[in-house]
Amino acid sequence: MNDPIFIGARIYRGSSYGPRHPLSIPRVPTVTDLCRTLGWLTDTQYRTSPCAKPSALMNFHTPAYIAALQRAEATLQADPAFDLGTLSNPVFPEVYRRPATAAGGGLLAAEHVRAGGVAYNPGGGTHHGLPDRANGFCYINEPVLTIRHLLSMGLNRIAYVDIDAHHCDGVAVAFHGSEQVRMISVHEDKRWPFTGALDDDAGGAAINIPVPRGFNDTEFDLILNDVILPALAAQKPDAIYLQCGADAVTEDPLSRLTLSNRCHVKAVTALRAMAPRLIVSGGGGYNPWSVGRAWTCVWATLAGHEIPDRLPQNAADILQALRWSRKAQPSDVLLTTLLDDPRPGPISEQVRAAIAHLKSGSAWQAG
């Protein structure tokens, strides 16, 4: 089995959706720098992501949309027909190359795990992209392209697990009714994109678990152990894709969930044992300190490194150098540590009812 690889690219460094956009913050560069400074990322583990070719992107996206995306980058002009140039999906200098590079990282991840192994593509996880337009900060749907590449290599059972605060609407469009790809999404109820209801099984291909605001570590553990892991055990996937968005943590501005990043670590640890192939991506995450810390913990877990109680000064300096357009100031904990303290809490009636509802159905229990 191959050693874990970390997939990054120079294009993430200095590239931004614009000063007022939630993705004005550096994310992949922060994780890369932290992992290197801590001695957790060697040259043999690091891979530079290629930029996916237009023909590869057309394995999900329409030719007209890919052409429009390239045109938008060349002209820096909005194209309302494809939702390019909106507040959510602005046109910026790397508007084609950056998402195409994230997709190229996913294709590289799939190639790496072909014979078994682990790949981490923190720039990926762009799960809202639709075939013919940009959607929800996502221009290219990297998870869909990566999973389709796995299928093209002869894998028959793929599990897609998504712990981002927002529902994976673009992935659900791609694999509705699939008998090969099974999707599990834990996401905040009554939040954009307002899809992924509890009774929406995507034509038998999905388990959706909408959770209430205030969703905590205790509730996450219950869902992981009572729903996600049994469903994966029943499916016996050839590969698992874990979308590890970091926007469900307490500090994130675009959700009202209250998880610690220990939930990401638990998910990575548990899912790695469930299949011979594991691809982990980033996703949402809009607080520069919390997303950098969470995704660094993810790599530490994948690569087998012990997370220190307190960062050495040279690593803490990376977090302390980050700036954010919001007025909120980071706590000392966010600047000097990586792993959150646990954030337990009561189990809400909504979560209990959701689990009971899923257990009363098949939830793939028959495989």
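None of the values given here were measured: they were computed from a predicted structure. Quick note: residue numbers are just sequence positions, from 1. All values below come from the heavy atoms of this structure, side chains included, with hydrogens, waters and symmetry mates left out.
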- Arg157 bridged to Asp238 by N-O distance under 4.0 Å: yes
- Only one of Ser281, Cys168, Ser185 passes side chain to side chain contact (heavy atoms under 4.5 Å, CB included) with His127, and that residue is Cys168
- Task: Quick one: closest heavy-atom pair of Ile184 and Leu232, and the distance?
- Result: CD1-CD2, 4.3 Å
- Message: Measuring from atom CD of Glu142 to atom CD1 of Ile147, what distance do you get when rounded to the nearest 0.5 angstrom?
- Response: 8.5 Å
- Check the angle between the aromatic planes of Tyr17 and Phe137 and answer parallel, tilted or perpendicular using the 30° and 60° thresholds. perpendicular
- Query: Would you call Glu251 and Arg343 a salt bridge, using N to O less than 4.0 angstrom?
  - Reply: yes
- Item | Ring centres under 6.0 angstrom apart (Trp192, His128) | yes
- Any salt bridge between Asp201 and Arg182, counting N to O under 4.0 Å? no
- Would you say the side chain of Pro253 lies within less than 4.5 Å of the side chain of Arg326, judging by non-hydrogen atoms? yes
- Query: Is Glu349 salt-bridged to Arg352, cutoff N-O under 4.0 Å?
  - Reply: no
- Is the His305 ring parallel, tilted or perpendicular to the Trp40 ring (thresholds 30°, 60°)? parallel
- Item | Ile140 side chain near Tyr96 side chain, heavy-atom distance below 4.5 Å | no
- Message: Clusters formed by hydrophobic residues whose side-chain heavy atoms approach within less than 4.5 Å: which one holds Leu130, and what are its other members?
- Response: Val173
- Does Tyr46 have Arg36 sitting over its ring (NZ/CZ under 6.0 Å from centre, angle to axis within 45°)? yes
- Message: Between the side chains of Arg71 and Asp79, is the shortest nitrogen-to-carboxylate-oxygen separation below 4.0 Å, so that they form an ion pair?
- Response: yes
- Distance-only side-chain donor-acceptor flag, Thr86 / Ser88, under 3.5 Å: no
- Measure up the Tyr241 and Tyr160 rings against each other and bin them: parallel (under 30°), tilted (30 to 60°), perpendicular (over 60°). tilted
- Item | N-O pairing of Arg293 and Asp340 below 4.0 Å | yes
- Is there a path of hydrophobic side-chain contacts, each under 4.5 Å between heavy atoms of I, L, V, M, F, W or Y residues, that connects Phe194 with Leu198? no
